[in-house]
Amino acid sequence: MKTVNLKVKRFDPATRKSKFQDYQVEVDDSAAVLDAIIEVREYQDETLAVRCSCRSAICGSCAMRVNGHAKLACMTKVSSVSPNGETIVVEPLGNAEPVKDLVADMGPFWAKVKQVQPWLKPSLPAPDREYIAPQEAMQDLVGAVNCIMCGACVSDCTVLEVDKNFIGPAALAKAYRFVGDPRETQTARDERLSQLSKYGGIWDCTHCYECVQVCPKDVAPMERILDIRRAAVAAGFRDNNGTRHSDSFARSVKHTGSLDEFRLLPESLGLDDIAAQLKFVPTALRAIAKGKVPSPLHHKRPGAEHVTRIFDEMEKE
Amino acid sequence: MRYAYYPGCVSQGGTPELFTAMKAVGEALGFTLEHLKEAACTGAGVLQERDPELGDTLNARTFAMAEKRGLPLMTICSTCQGVMGQANYRLKADPEYRTFINKYLKPEGLEYKGTTEVKHFMWVLVEDYGLNRLKEHVRRPLTGITLAPFYGCYVLRPSKKLGYEEHPRRDTYLEQIITALGATPADYSGKTRCCGFPILTMNRTNSLRMAGDHLLEAQETGADAMVTPCPLCHLNLDGQQPEAAAVRKVQLNLPVIHLPQMVGVALGIEPKALGLNKHIVSTRAFAAKVPA
Ligand code: SF4
Ligand code: SF4
Ligand code: FES
């Protein structure tokens, strides 16, 4: 047995105020954080609200922030987050409104999942027997399919923190589950990719790896977002700053071995988008005043011909 | 302390003061840095997104160059470190994959055998050089100065692929270095978050909101400056600070210094020789506060 010190963020729906409350409980050495919270609720304070069901990392209902990062409380050992008896801070999921104490409102989470139309749109009429899908194609979807909709990734997503309009990691990972499914019709897939390429979609992810870090099921939502980006670009949805940025980046590295920052900004914005270009003029002028604008004469690195060759050979394949 | 040196594109482009500062600090600490001038861009995650194998090939090429010299590889950019670290993780784990990638290196007479270590200067200071040894070189301790650490995503996540199993405290090294130099680290939640730079051209408003929020939070701790091991974070946090302040409708005036600049100041190197005059947000008040 060991003593656990918990600092729990409690939200009172009547006053709509949050405050931290300290608890101390005795639990088994192998206990999970959820066990400690349940111990509190059962024997010390029955008003403490927490959501859980399977206690086996399957149902996804016990996700919350433990010491600042989203985790499944039932899967997180006390010994891993408090090796020397340090106080464990527990809070409800981030990027969500609390309902009461550790229970967060999952309404907006499900609304975003619905937004990506999480159902298969196969060609009709249906075949006599089942739709056949090749093994490799389905294996590629295993990551996305493993999602248990716990909301940990959404809790810690850095873009959702500043923009509620972003579809977010869980729903985008779910979208890939259908984008990558060979049973979808071409039309349905194109329609999805067109929607997902818009504002709030795949190009708004900032590549911060928070969702990859916290996902308890190795869905790696950010990697799934990159999968959709590749699919969208390949399907011809190229009229966006993300694709232009990627093209400009690749062009300069391919031909010179290094990144041509002088061209990257204007080429990403689109050379004809004068309004967007103008927004960056003050930044550029300040940098020039400090003598730190990259040279417009971008020199090749020595050995650049090998970089070009590698690009050529790999692009051909 | 001899390393194959990979300074990255940005320290040779948009933040030249970082390159200057590392050179001065490397000399003062007795580092021998063999600049791999033929090494290509790491791909910064952007090339990896287009074609993961292409990205790994460019990085395997760099690792092979270091391996040939029998040296570990040192970077001064969180993004380069993360991208290279992940590439190395894949290449080391899978000999078959390495054989596949090596096909493309062969015409240049290169082969990667999977033995190169890739380490950010921040990791080198703590793990190889040692903070006690660093302390011996401090001429002007940063006493009375508070510094807000800002790591950059790529040296933190995904921790599984960045050597955290072997070195679990890598997420505290900035604070450790700040303390070793005599300053006080500021604690705030944004220190491990994203600066917003990757989406600057895709969604400028969100990018600036992110930078603005972290700068404001750090400023409100009373920090004299922010310190970062990532030049890409620097481009947003320093380069775009006036715009970030405007988007968030707040006053921001927080100098953002590169890790080697902070070390250099404590070693007694002149601010100008560290490029501290090249910043968008003036570093003068910070430099003046350092006890003589
Ligand atoms: S990688 Fe993208 S989706 Fe994942 S947490 Fe960061 S911004 Fe959100
Ligand atoms: S992707 Fe991972 S973290 Fe996000 S909801 Fe699914 S299981 Fe949870
Ligand atoms: S209680 Fe079901 S996942 Fe934790």
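Treat the numbers as computed from the prediction; the structure is a model and nothing was measured. Order of the sequence lines fixes the chain letters, A, B, ..., with proteins taken first and strands second; residue numbering starts at 1 for each chain.
Only the side chain of A:E161 comes within contact range of chain B, with heavy atoms under 4.5 Å apart. A:C157 touches chain B through its backbone: at least one of N, CA, C or O sits under 4.5 Å from a heavy atom, while the side chain does not. The part of A:E317 that comes within reach of chain B is its side chain, from C-beta onward, which places non-hydrogen atoms under 4.5 angstrom from that chain. Of the two parts of A:R229, only the side chain, counted from C-beta on, holds a non-hydrogen atom closer than 4.5 Å to a non-hydrogen atom of chain B. At a 4.5 Å heavy-atom cutoff, the contact between A:R309 and chain B is made by side-chain atoms alone.
Side chains of B:I199 and A:V159 form a contact here, defined as non-hydrogen atoms less than 4.5 Å apart.
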Query - Check against salt bridge (charged side-chain N to carboxylate O under 4.0 Å, His left out), B:R193 and A:E210 - result: CA-CA 8 Å; B:R193 305 292 271 169; A:E210 289 279 7; 2.9 Å; yes
Report task. Tell me, with the steps shown, if B:R50 and A:S246 meet side-chain hydrogen bond (donor to acceptor under 3.5 Å, both in side chains). Result -> CA-CA 8 Å; B:R50 297 168 71 92; A:S246 172; 2.8 Å; yes
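Of the listed residues (B:P107, B:G45, B:C153, B:G8), the one with the most heavy-atom contacts under 4.5 Å to chain A is B:P107. Most heavy-atom pairs under 4.5 Å with chain B: of the set A:K300, A:E313, A:K279, this distinction falls to A:K279. The candidate with the highest count of non-hydrogen atom pairs below 4.5 Å against chain A, out of B:L200, B:D51, B:D213, is B:L200. Counting heavy-atom pairs under 4.5 Å between each of A:D156, A:V212, A:V162, A:L226 and chain B puts A:V162 at the top. Each of B:R61, B:E108, B:E243 has some count of heavy-atom pairs under 4.5 Å with chain A, and the biggest count is that of B:E108. No other option in A:D204, A:V307, A:L259 has as many heavy-atom pairs under 4.5 Å with chain B as A:D204. Chain A forms more heavy-atom pairs under 4.5 Å with one residue of B:T15, B:T57, B:L110 than with any other, namely B:T57. Among the candidates A:W203, A:F311, A:Y199, A:F166, the residue making the largest number of heavy-atom pairs closer than 4.5 Å to chain B is A:F311.
Contact between B:C9 and A:S258 at its shortest, heavy atoms only, is SG-CB, 3.8 Å. When every heavy atom of B:G239 is checked against every heavy atom of A:T283, the shortest pair comes out as O-CG2, 3.7 Å. In terms of heavy-atom proximity, A:H245 sits nearest to B:T201 at CD2-OG1, 3.9 Å. Annotation for B:L156 and A:Q213: closest pair O-OE1, 4.3 Å, computed over non-hydrogen atoms. Shortest non-hydrogen contact noted between A:R301 and B:K37 is CD-O, 3.6 Å.
Between B:E49 and A:R230 there is no salt bridge, since none of the side-chain N atoms of the basic residue sits less than 4.0 Å from a carboxylate O of the acidic one.
Within residues 235-243 of chain A, the residues approaching chain B closer than 4.5 Å by heavy atoms are, in numerical order, A:N241, A:G242. Proximity to chain B at a heavy-atom threshold of 4.5 Å picks out nothing from residues 83-96 of chain A.
Using cut-offs of 30° and 60° on the angle between ring planes, the pair A:H207 and B:Y154 is parallel.
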